[in-house]
Amino acid sequence: MLTAFARAFKTPDLRKKLLFTLGIIVLFRLGSHVPVPGVSYKNVQICVEQAGNSNGLFGLVNMFSGGALLQITIFALGIMPYITASIILQLLTVVIPKLETLKKEGQSGTAKITQYTRYLTVALAILQGTGLVATARTGALFGTCPVGREIVPDRSIFTTVVMVITMTAGTCVVMWLGELITDRGIGNGMSILMFISIAAGFIGALWQIKLQGKIADGWVEFGVVILVGLAMVCLVVFVEQAQRRIPVQYAKRMIGRRAYGGTSTYIPLKVNQAGIIPVIFASSLLYIPALVVQFSGSQAGWAVWIQKHFVKGDHPYYIAAYFLLIVFFAFFYVAISFNPEEVADNMKKYGGFIPGIRAGRPTAEYLSYVLNRITWPGSLYLGLIALVPTMALAGFGANQNFPFGGTSILIIVGVGLETVKQIESQLQQRNYEGFLR
């Protein structure tokens with residue numbers, strides 16, 4: 001990987017793309033430290049220092065924003081509205097026939113869906129920004145902080161509207177920066193910004209474990225966490241690269257005097273076909289009960305039960321629900337993102353077949369069978385990756401969104417692998433030596 005980056009910097013056009021990407025990343029991180037107008041920066045810092053790693057309710061969103069959410073900066077919402085909008089549009093594509101038709105139209109249809117995603121991102125940013133400002137004004141953002149209600153000193157409507165507009169504009173800027181990286185930089189822009197947001201808190205969280213350690217001044221705990229993290233990274237790389245290759249043979253066809261086809265290829269079915277989406281779905285769904293209790297302020301029996309069992313991530317009920325939801329959403333997302341009938345029809349249309357399997361419906365049934373078989377280990381792998389680091393690192397004082405935790409490690413490794421692959425592919429295109437010299 002380091003060799004690929006070194007060769008990329010020696011290539012002029014790739015060097016420009018890498019420097020452009022680094023410049024956008026610097027702008028993104030600068031915006032994550034600029035406070036929103038109307039916020040008391042001093043009181044925010046007091047509450048953040050007091051809360052430490054204990055604020056688990058907004059921990060996931062805070063991790064995706066690179067710590068900007070709890071700081072209430074102009075990029076407080078980060079990339080989360082765009083991620084949510086993309087997931088919603090992807091789910092609606094299966095339900096709404098018009099969106100499904102646009103998806104099949106190729107580049108023009110994809111551009112239209114991207115435009116819808118931008119509009120939905122703005123709407124979600126307004127909604128989430130309003131919720132964040134309301135939470136900060138009531139003091140619920142830092143429940144135990146003595147100056148939590150003084151984070152927003154001016155509670156006028158004008159100040160509230162300015163804060164919401166500022167955070168919505170910040171989300172639009174983040175979305176624009178991500179698209180700039182995709183067009184003129186290296187890798188997928190949104191994925192790169194998500195990677196940077198998570199990696200921004202890596203050093204601080206790692207050093208916090210060393211400070212809280214008790215054996216050899218914390219260095220033993222620090223070393224154990226490093227070793228566990230490296231082992232988890234190796235496991236994630238191994239499984240993310242694993243795939244089941246289904247062979248496909250294309251029959252020869254005579255068109256005029258020329259023969260077409262007769263080639264053999266394969267359909268790559270990844271073991272983790274769903275990616276990180278099930279973990280995000282499960283985490284978001286489990287935050288809803290705690291969020292309802294926090295905003296309602298109820299002390300009824302159901303509210304006390306939720307606070308006892310579903311607020312802290314180390315409770316057995318929470319762990320069991322989290323694991324089952326990840327497995328469910330893994331099967332659900334694979335079912336809506338991969339259509340065996342459509343793949344079988346396309347193969348039949350172009351004269352392709354799986355050796356030993358008849359074309360048409362038998363091919364679709366075979367693909368469904370194989371997909372279900374490999375989704376089981378993929379979903380169990382996601383559940384274990386999301387839970388094992390959380391339980392193991394809880395003893396070292398790390399929160400559930402520590403960079404070596406489930407959600408973050410999957411994103412970091414996945415984005416890193418894809419970016420390195422793109423750099424290597426572009427290097428191969430530029431250094432390809434022809435057959436004749």
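Computed over heavy atoms, backbone and side chain alike; hydrogens, waters and symmetry mates excluded.
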Contacts of Glu341 that satisfy salt bridge (charged side-chain N to carboxylate O under 4.0 Å, His left out) - sequence neighbours left out = none

Evaluation steps, side chain to side chain contact (heavy atoms under 4.5 Å, CB included), between Trp376 and Val327 | CA-CA 8 Å; Trp376 270 113; Val327 174; 4.1 Å; yes

With a 4.5 Å heavy-atom cut-off, do Val271 and Arg244 have their side chains touching?
-> no

Hey, are the side chains of Val415 and Thr419 touching, using non-hydrogen atoms and a 4.5 Å cut-off?
-> yes

Rounded to the nearest 0.5 Å, the CE atom of Met80 sits from the CG atom of Leu77 at a distance of 10.0 Å

If we only count heavy atoms from C-beta on, is the Tyr366 to Pro362 side-chain gap below 4.5 Å?
-> no

Contacts of Tyr381 meeting ring-ring contact (aromatic ring centres under 6.0 Å, His included) (sequence neighbours excluded), chain-then-number -> none

By ring-ring contact (aromatic ring centres under 6.0 Å, His included) - contacts of Phe281 (at least two apart) = Phe329

Min side-chain heavy-atom separation Met175-Met190 under 4.5 Å | yes

Under the ring-ring contact (aromatic ring centres under 6.0 Å, His included) test, which residues partner Phe195, sequence neighbours left out?
-> none

Atom CD1 in Ile412, atom CD1 in Ile276: separation rounded to 0.5 Å?
-> 10.5 Å

Going from OG1 on Thr84 to CG on Leu127, what distance comes out if it is rounded to the nearest 0.5 angstrom?
-> 10.5 Å

CD/Gln107: more than 12 non-hydrogen atoms of other groups inside 6.0 Å = no

Check for a donor-acceptor pair, side chain of Ser191 on one end and backbone N or O of Gly187 on the other, with a separation under 3.5 Å.
-> no

Would you check if Leu367 and Ile354 make a side-chain contact, meaning some heavy-atom pair closer than 4.5 Å?
-> yes

Looking at residues at least two apart in the chain, or sitting in another chain, which of them share a side chain to side chain contact (heavy atoms under 4.5 Å, CB included) with Pro377?
-> none

Which atoms form the tightest heavy-atom contact between Glu105 and Ser108, and what is the distance?
-> O-OG, 3.7 Å

Flag, side chain of Gln249 to backbone of Phe353, donor-acceptor distance under 3.5 Å | no

Please tell me if the side chains of Phe323 and Leu380 come closer than 4.5 Å, counting only heavy atoms from C-beta onward.
-> yes

Interatomic distance, Ile25 atom CD1 to Leu30 atom CG [nearest 0.5 angstrom] | 12.0 Å

Side chain to side chain contact (heavy atoms under 4.5 Å, CB included) between Ser197 and Phe28: does it pass, once the steps are laid out?
-> CA-CA 9 Å; Ser197 298; Phe28 175 67; 3.3 Å; yes

Nearest heavy atoms of Leu132 and Ala76, plus distance in Å = CD2-CB, 4.0 Å

In chain order, what residues pass the side chain to side chain contact (heavy atoms under 4.5 Å, CB included) check against Ile336, with sequence neighbours excluded?
-> Leu91, Val94, Phe332, Tyr333

Search all heavy atoms of Pro278 against all heavy atoms of Gly275 and return the closest pair with its distance.
-> CD-O, 3.6 Å

Pairing residues for Trp176 by the ring-ring contact (aromatic ring centres under 6.0 Å, His included) criterion, not counting sequence neighbours = none

Separation between NE2 of His33 and CZ of Phe75, rounded to the nearest 0.5 Å | 12.0 Å

Side chain to side chain contact (heavy atoms under 4.5 Å, CB included) involving Asp345 - partner list, sequence neighbours excluded = none

Okay, side chain of Thr21, backbone of Ile186: is any donor-acceptor separation there less than 3.5 Å?
-> yes

Please list, chain by chain and in numerical order, all residues satisfying salt bridge (charged side-chain N to carboxylate O under 4.0 Å, His left out) with Arg361, sequence neighbours excluded.
-> Glu365

Heavy-atom side-chain proximity of Arg137 to Thr160 below 4.5 angstrom = yes

Any side-chain heavy-atom pair of Arg245 and Ile267 under 4.5 Å | no

Side chain to side chain contact (heavy atoms under 4.5 Å, CB included) between Leu99 and Tyr116, intermediate numbers included | CA-CA 10 Å; Leu99 292 177; Tyr116 292 155; 3.9 Å; yes

Gap between atom CE of Met163 and atom OG1 of Thr130 - 0.5 Å precision = 10.5 Å

Those residues at least two apart in sequence (or on a different chain) that pass salt bridge (charged side-chain N to carboxylate O under 4.0 Å, His left out) with Arg118 are Glu179

Which heavy atom in Pro81 sits nearest to a heavy atom in Gly78, and how many Å separate them?
-> CD-O, 3.7 Å

Closest approach of Gln273 to Lys270 (non-hydrogen atoms, all atoms of both residues) = OE1-N, 2.9 Å

Among Ile374, Thr375, Val334, side-chain contact (heavy atoms from CB on, under 4.5 Å) partner for Leu269 | Ile374

For Arg358, does the CZ atom sit with more than 12 other heavy atoms under 6.0 Å from it, leaving out its own atoms?
-> no

Pairs satisfying salt bridge (Lys or Arg N to Asp or Glu O under 4.0 Å), at least one member in residues 273-287, at least two apart = none

So which heavy atom on Ile326 is nearest to which on Ala282, and how close?
-> CG1-CB, 3.7 Å

Which of Thr73, Val36, Ile72 passes side-chain contact (heavy atoms from CB on, under 4.5 Å) with Val44? Answer is Ile72

Given Thr110 and Lys103, is the side chain to side chain contact (heavy atoms under 4.5 Å, CB included) satisfied, shown in steps?
-> CA-CA 6 Å; Thr110 304; Lys103 185 179 179 181; over 6 Å; no

For Glu100, side chain to side chain donor-acceptor pair (under 3.5 Å) partners two or more places apart | none

